[in-house]
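What follows is one structure encoded as structure tokens, with my remarks underneath.
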Protein chains: 2
Amino acid sequence: MQVIENLPPCPVETTLLLMGDKWKVLIVRDLLTGTKRFGELKKSLNGISQKVLTSHLRTMEKNGLITRKVYPQVPPKVEYTLTEVGESLKQVHDAMLDWGSIYKSKYSTKTSRV
Amino acid sequence: MQVIENLPPCPVETTLLLMGDKWKVLIVRDLLTGTKRFGELKKSLNGISQKVLTSHLRTMEKNGLITRKVYPQVPPKVEYTLTEVGESLKQVHDAMLDWGSIYKSKYSTKTSRV
DNA sequence: CTGTATCCTTCCAGATACTG
DNA sequence: CAGTATCTGGAAGGATACAG
């Protein structure tokens with residue numbers, strides 16, 4: 001893992017630096033329910049491209065948020081799991097979940113159907 | 001205020017839709033300490049351009065997160081304040097603050113000086 | 001002071017094709 | 001299956017000038 005030098009003094013900005021991205025938040029959302037394979041993530045993250053998913057996973061691995069385990073077999077199997085620090089993002093995720101619910105109950109007359 | 005139709009079913013995605021932006025989070029951070037004038041925000045949000053700040057403030061106002069009060073005087077004075085729903089973003093902000101602190105204490109040997 | 005109005009650049013996401 | 005390599009388009013943001 002590559003430690004990032006010179007993180008912003010403001011912890012909020014540090015969080016934004018590491019997680020200030022729509023896809024990263026959704027990746028964490030999915031991994032919070034357990035280890036996932038590349039293909040599972042891609043399917044769950046509706047609309048993400050392989051390139052973008054790979055790129056985000058690499059960055060998050062580098063930042064110590066997830067671990068990547070490759071099974072040397074054909075066809076390949078790769079699993080992604082949250083690290084301990086990654087797991088601790090659950091508080092952020094839950095706060096966003098709560099707030100989204102509050103907002104919807106307050107301002108939304110209907111929600112979209114999937 | 002303009003209610004957004006068809007918010008995503010997932011509350012986390014709803015939050016991302018409304019707040020999934022670096023600048024918006026920082027605007028909330030600043031307004032959580034109280035009402036601010038346009039110029040105060042611009043100064044505090046180091047590096048943001050007028051155009052971008054204006055645009056974000058307009059969107060957040062439209063979404064019911066902040067209120068905009070114009071004092072009819074010369075030179076103009078405009079104040080921005082969090083609404084009740086905007087204030088409730090404090091939980092999200094605090095979670096990000098906590099997590100950023102955790103991450104820094106775990107992985108950062110030093111922090112940048114301002 | 002608090003904006004609009006343009007222009008310009010950059011970057012990231014998306015599509016596609018190919019590989020071990 | 002899980003990538004890498006390119007190419008491309010468009011949106012977001014920055015710079016600047018001007019206005020009420």
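Model, not experiment: these values are computed from the prediction. In what follows, every chain begins at residue 1, and chains take the letters A, B, ... in the order their sequences are listed. Atoms considered below: every heavy atom in the structure, side chains included; atoms not considered: hydrogens, waters and symmetry mates.
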Under a 4.0 Å heavy-atom cutoff, the residues of residues 48-62 of chain B touching DNA chain C are Gln50(B), Lys51(B), Thr54(B), Arg58(B)
Do Leu97(B) and Ile102(B) land in one hydrophobic cluster if side-chain heavy atoms of ILVMFWY residues count as linked below 4.5 Å? no
**Asked** Is the closest side-chain heavy-atom distance between Tyr107(B) and Asn63(A) below 4.5 Å?
**Response** no
Q. Which part of the nucleic acid, if any, lies within reach of Tyr71(B) when heavy atoms closer than 4.0 Å are counted: base, sugar-phosphate only, or nothing?
A. nothing
Outer limits of DNA chain C sitting under 4.0 Å from a non-hydrogen atom of chain B, read 5' to 3', are dC1(C) to dC7(C)
Those residues at least two apart in sequence (or on a different chain) that pass ring-ring contact (aromatic ring centres under 6.0 Å, His included) with Tyr80(B) are none
For Leu32(A), the side chain to side chain contact (heavy atoms under 4.5 Å, CB included) test, sequence neighbours excluded, returns Val28(A), Leu82(A), Glu87(A), Lys90(A), His93(A)
Whichever of Pro75(A) and Asp21(A) has the more 5' nearest nucleotide on DNA chain C, that residue is Asp21(A)
Exercise. Would Leu41(A) and Val70(A) show up in the same hydrophobic cluster when neighbours are defined by side-chain heavy atoms closer than 4.5 Å?
Worked result: yes
Item to complete: Indicate yes or no: at least one non-hydrogen side-chain atom of Tyr103(B) is less than 4.5 angstrom from one of Thr15(A).
Response: no
So the contacted stretch of DNA chain D, first to last nucleotide with an atom under 4.0 Å from a non-hydrogen atom of chain A, runs from dC1(D) to dC7(D)
d(Lys24(A) NZ, Arg29(A) CZ) to nearest 0.5 Å is 16.0 Å
- Message: Counting only heavy atoms not in Lys22(B) (residues, nucleotides, ligands), do more than 12 fall under 6.0 Å from its NZ?
- Response: no
_For a 4.5 angstrom cut-off between non-hydrogen side-chain atoms, does Val92(B) reach Met19(B)?_
no
The correct set of residues in residues 25-45 of chain A placing a heavy atom under 4.0 Å from DNA chain D is Arg37(A), Phe38(A), Gly39(A)
*Taking atom CD of Glu84(B) as the centre, report whether more than 12 heavy atoms of other residues, nucleotides or ligands fall under 6.0 Å from it.*
no
### Query
Is there side-chain contact between Leu31(A) and Thr81(A), with at least one heavy-atom pair below 4.5 Å?
no
Path from Met60(A) to Leu53(A) over hydrophobic side-chain contacts below 4.5 Å: yes
The answer to which of Arg68(A) and Trp23(B) contacts DNA chain D further toward the 5' end, by nearest nucleotide, is Arg68(A)
Same apolar cluster (I L V M F W Y, side chains within < 4.5 Å links), Leu17(A)/Ile27(B): yes
